[in-house]
Amino acid sequence: MNMKGKEMLGKGRTRSDTTPLLGKHKQQHQQPHPKIRFHSSPSACSHSISSPLFLEMAAAISSASSSPTSHCNVFLGVDVGTGSARAGLFDEEGKLLGSASSPIQIWKEGDCIEQSSTDIWHAVCSAVKAACSLANIDGEQVKGIGFAATCSLVAVDADGSPVTVSWSGDSRRNIIVWMDHRAVKQAEKINSRNSPVLQYCGGSVSPEMQPPKLLWVKENLQESWSMVFRWMDLSDWLSYRATADDTRSLCTTVCKWTYLGHAHMQHINEKDSRDMEACGWDDDFWEEIGLGDLVEGHHAKIGRSVAFPGHALGSGLTPTAAKELGLVAGTPVGTSLIDAHAGGVGVMESLPEKENDNEAICHRMVLVCGTSTCHMAVSRDKLFIPGVWGPFWSAMIPEYWLTEGGQSATGALLDYIIESHVASPRLANHAASQKTSLFQLLNSMLESMMRELQCPFIAALTEDTHVLPDFHGNRSPIADPKAKGVVFGLTLDPSEQQLARLYLATVQAIAYGTRHIVEHCNANGHKIDTLLACGGLSKNALFIQEHADIIGCPIILPRESESVLLGAAILGAVAAKKYTCLSEAMKALNAAGQVIHPSTDSRVKKYHDVKYSIFRELYQQQLSQRSIMAQALA
């Protein structure tokens with residue numbers, strides 16, 4: 001199943017890793033994005049803006065109401081994910097008024113994965129304008145804005161222009177994407193120093209964090225290293241691009257840069273939110289790993305000042321940014337969040353019945369399920385958990401310590417499993433002819449197979465197929481970036497039914513990985529008994545039911561499916577002073593939807609307990625085999 005140097009497409013085509021993943025139409029970055037996806041609550045649609053259908057839809061919107069919809073307070077959330085920039089508008093009850101998305105370009109060359117900040121900003125502007133148009137909201141109605149993004153690393157010079165981080169030398173490619181694994185050796189080098197800051201990120205840095213990536217650039221692209229004036233997390237760069245305020249978020253700096261957020265405990269009770277001098281950097285750490293030059297100028301390149309998420313930045317939108325976004329200059333902009341953490345803010349208080357107990361939130365874990373999955377839990381006390389990132393003080397919710405588990409490839413893994421199978425083109429054709437998604441078609445096939453084969457329950461279809469989902473390493477709780485994926489039980493069967501089994505086994509493997517994380521966290525001081533889920537994969541009924549059955553916890557889905565956008569919008573609401581703090585805004589704007597309960601069939605539990613034990617054995621066997629092969633090559 002390994003296709004080195006190529007990436008499979010759904011129709012059986014392949015493309016080189018050096019090809020931009022979203023095609024040739026993105027070569028002219030100053031041009032508007034040719035495809036924008038519009039979504040209005042409760043229904044959604046997707047069409048090219050040049051198509052007759054889109055033009056009819058736009059005309060219908062325009063003619064239906066020539067004046068803006070009346071809403072007292074509208075909050076805008078922007079989320080830049082791995083493949084698109086999205087914008088969503090929410091009212092004062094947290095209800096989605098409209099959203100739109102615009103694709104962004106991405107380059108892959110082996111372990112190197114890169115993007116362009118210029119391209120991303122154009123996509124953000126396109127999505128914001130489109131969302132406002134669809135929701136019939138004008139700029140003056142938007143009272144606050146928040147940005148969320150992947151934890152990708154942005155390099156810009158003193159003028160704010162892009163500085164390449166690519167072997168290619170292409171100046172557009174100034175972002176090292178979060179999932180880039182070029183810096184595995186640098187991470188190992190940093191971890192060998194055993195710095196005290198490492199205890200606050202599970203005992204070791206991941207190659208997905210920023211210090212290893214920074215070290216890689218210094219060691220390999222010296223000219224770029226000397227040109228960079230600011231190194232920024234993507235969500236911080238978006239806020240900076242919007243406001244010209246260089247203040248960094250406690251979320252990004254603490255979670256991805258080894259910043260010690262608890263250095264600011266004395267500031268938490270201050271009446272007025274403000275930016276704070278960055279006193280949480282460990283200068284010895286940066287010196288020890290060979291990046292002492294980042295300490296110069298009071299850490300000017302990596303952040304002189306920090307703020308709690310939702311703090312109002314600068315004077316709000318600059319006139320330039322406001323014009324580009326179609327909004328009003330001075331509109332408050334909140335200090336940003338990483339996208340997964342915005343998902344946590346957008347969903348963590350989504351309960352069927354509100355609880356006033358401040359400790360109750362410590363029994364919940366949020367699964368933000370997309371390309372990867374992040375597992376967010378909070379506690380009043382700091383809990384040091386080997387192999388799990390954190391504890392991070394106030395990195396998501398002020399005053400709480402955050403524990404962050406994760407799986408580096410979940411949605412990406414399911415896409416790979418499906419697209420690399422010989423039956424994928426036939427399946428895609430069938431899905432298209434039935435006007436349904438691949439996942440919906442696979443889920444229906446599994447239901448039919450269960451009935452035809454007289455299986456006692458759907459999960460039993462995978463009794464001979466076992467998957468270890470570490471195709472992009474193991475982030476948590478093993479923290480082994482060298483871990484590899486395993487598929488046990490392959491045959492020569494090329495059928496769509498066999499692909500369906502493999503898909504189900506992969507879904508189960510992802511759920512077993514989450515069970516491993518939950519058990520590991522609870523064994524180290526957490527008391528997690530309820531899960532909340534958001535993100536693209538949370539819309540897959542089979543994915544959520546398998547997680548509930550395998551982990552044995554109810555899973556709450558939010559009323560609004562766009563939880564990351566809501567979390568970002570909440571930052572804007574707090575920046576606009578509509579709420580006194582982030583926690584108050586979460587309780588006001590979060591709302592529960594459906595609750596998925598585990599199966600009550602004891603056979604299902606027994607089945608998954610046995611498969612889970614096999615799942616755990618697969619990694620132990622890999623370790624043993626890795627050692628045997630190392631000895632053979634010694």
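Note on ring orientation: taking the six-membered ring where Trp is involved, the planes of W231 and W225 are tilted (angle from 30° to 60°).
Side-chain contact between C251 and F308 is absent, with no heavy-atom pair separated by less than 4.5 Å. At least one side-chain heavy atom of F75 sits under 4.5 Å from a side-chain heavy atom of K143. Inter-residue side-chain proximity for F285 and I190 is flagged as met; some heavy-atom pair is nearer than 4.5 Å. W237 places a side-chain heavy atom less than 4.5 Å from the side chain of V156. Using a 4.5 Å heavy-atom cutoff, the side chains of I397 and S583 are in contact. Within the 4.5 Å cutoff, side-chain heavy atoms of L238 are placed close to those of V80. The side-chain heavy atoms of E399 and C581, taken from C-beta on, include no pair separated by under 4.5 Å. At a threshold of 4.5 Å between non-hydrogen side-chain atoms, the residues Y400 and S379 do not count as touching.
Between H262 and W401, the gap from one ring centroid to the other is short of 6.0 Å.
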Open item on the list: One pair to check against side-chain contact (heavy atoms from CB on, under 4.5 Å): W281 and H298. What are the steps and the verdict?
Closed with: CA-CA 10 Å; W281 294 116; H298 301 286; over 6 Å; no
Open item on the list: Using side-chain hydrogen bond (donor to acceptor under 3.5 Å, both in side chains), reason through T82 and W178 one step at a time and then give a plain yes or no.
Closed with: CA-CA 8 Å; T82 307; W178 67 269; 2.9 Å; yes
Task: CA sep, side-chain torsions, deciding dist, call: M396, V378, side-chain contact (heavy atoms from CB on, under 4.5 Å) - done: CA-CA 9 Å; M396 185 171 76; V378 297; 3.9 Å; yes
Task: Audit row: T247, H311, side-chain hydrogen bond (donor to acceptor under 3.5 Å, both in side chains) steps and yes/no - done: CA-CA 10 Å; T247 298; H311 160 75; 5.5 Å; no
Task: Verdict with reasoning, W393 to L402, per side-chain contact (heavy atoms from CB on, under 4.5 Å) - done: CA-CA 6 Å; W393 187 75; L402 171 67; over 6 Å; no
TODO: Could you check Y259 against H264 for ring-ring contact (aromatic ring centres under 6.0 Å, His included), going step by step and ending with a plain yes or no?
DONE: CA-CA 11 Å; Y259 189 84; H264 297 282; 5.7 Å; yes
Task: Test log, rule salt bridge (Lys or Arg N to Asp or Glu O under 4.0 Å), inputs E208 and R475 - done: CA-CA 9 Å; E208 295 174 13; R475 186 188 299 173; 2.9 Å; yes
- [ ] Check the pair W107, S166 against side-chain contact (heavy atoms from CB on, under 4.5 Å), reporting the backbone distance first and the verdict last.
- [x] CA-CA 10 Å; W107 292 268; S166 174; over 6 Å; no
Open item on the list: Go through it in stages, so that I can follow the logic: the residues are K482 and E188, the test is salt bridge (Lys or Arg N to Asp or Glu O under 4.0 Å), and I'd like the CA-CA distance, side-chain angles, deciding distance and then a yes or no.
Closed with: CA-CA 11 Å; K482 294 183 176 179; E188 292 173 348; 3.2 Å; yes
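At distances below 3.5 Å, not a single donor-acceptor pair connects side-chain atoms of N174 with backbone N or O atoms of P162. A donor-acceptor pair under 3.5 Å is absent between the side-chain atoms of S161 and the main chain of D157, judged by distance alone. Formation of a donor-acceptor pair under 3.5 Å by the T335 side chain with backbone atoms of G310 is not found in this model. No donor-acceptor distance shorter than 3.5 angstrom exists from the side chain of S195 to the backbone of L198, with no hydrogens or angles considered. Distance alone, capped at 3.5 Å, is enough to place a donor-acceptor pair between the S224 side chain and the T164 backbone. Checking side-chain atoms of H472 against main-chain N and O of M179 turns up a donor-acceptor pair under 3.5 Å. The main-chain N or O of N474 is never found under 3.5 Å from a side-chain atom of D470 such that the two would form a donor-acceptor pair. Here the side chain of N524 pairs no donor or acceptor atom with the backbone of P386 at under 3.5 angstrom. The main-chain N or O of E296 is never found under 3.5 Å from a side-chain atom of K301 such that the two would form a donor-acceptor pair. Between the R248 side chain and the S305 main chain, no donor and acceptor come within less than 3.5 Å of each other.
Under the side-chain hydrogen bond (donor to acceptor under 3.5 Å, both in side chains) test applied with R173, the options Q115, E109, Q105 reduce to a single match, E109. Results of the side-chain contact (heavy atoms from CB on, under 4.5 Å) test with L76 over I137, V333, L565, L327 single out L327 as the only residue that passes. Each of I338, I570, T252, L571 was evaluated against P309; a single residue qualifies, L571, per the side-chain contact (heavy atoms from CB on, under 4.5 Å) test. Shown are D284, I289, D282; of these, the side-chain contact (heavy atoms from CB on, under 4.5 Å) with W286 is made only by I289.
With respect to R86 and E562, a salt bridge is recorded, a charged nitrogen being found less than 4.0 Å from a carboxylate O. A salt bridge links K218 with D293: at least one charged nitrogen is closer than 4.0 Å to a carboxylate oxygen. Electrostatic pairing of K189 and E219 counts as a salt bridge here, judged by a charged N lying under 4.0 Å from a carboxylate O. The pair D246-R230 meets the salt-bridge criterion, with a side-chain N (NZ, NE, NH1 or NH2) lying under 4.0 Å from an Asp/Glu carboxylate O. Using a cut-off of 4.0 Å between Lys/Arg side-chain N and Asp/Glu carboxylate O, D180 and R182 are scored as salt-bridged. A salt bridge links K256 with E404: the distance from a Lys NZ or Arg NE/NH1/NH2 to an Asp or Glu carboxylate oxygen falls below 4.0 Å. In summary, E324 and R241 engage in a salt bridge, as defined by a charged side-chain N under 4.0 Å from a carboxylate O.
Taking CE of M209 as the start and CG of L153 as the end, the distance is 13.5 Å to the nearest 0.5 Å. Atom OG of S249 and atom CG of D236 lie 5.5 Å apart (nearest 0.5 Å). Rounded to the nearest 0.5 Å, atoms NZ (K578) and CG (N73) are 4.0 Å apart. From H299, atom NE2 reaches atom SG of C279 across 10.0 Å, with rounding to the nearest 0.5 Å. Between the OG atom of S152 and the CD1 atom of I106 there is a distance of 8.0 Å, given to the nearest 0.5 Å. Atoms CZ and CG, from F90 and L589 in turn, are 9.5 Å apart once rounded to the nearest 0.5 Å.
Contact detail for A183 and P212: the closest heavy-atom pair is CB-O, 3.4 Å. The shortest non-hydrogen separation linking S239 to L313 is CB-CD1, 3.5 Å. Closest approach of A278 to G303, counting heavy atoms only: CB-O, 3.4 Å. For the residue pair N590 and V347, the shortest heavy atom distance occurs at OD1-C, 3.4 Å.
In R380, the CZ atom is crowded: over 12 heavy atoms of neighbouring residues, nucleotides or ligands sit closer than 6.0 Å. Counted within 6.0 Å of CD on Q199, heavy atoms from surrounding residues, nucleotides or ligands total more than 12; the atom is thus considered enclosed. The neighbour count for Q222 CD, taken as heavy atoms of other residues, nucleotides or ligands under 6.0 Å away, is above 12.
Remark: the T410 side chain and the T373 side chain contain an N/O donor-acceptor pair separated by less than 3.5 Å.
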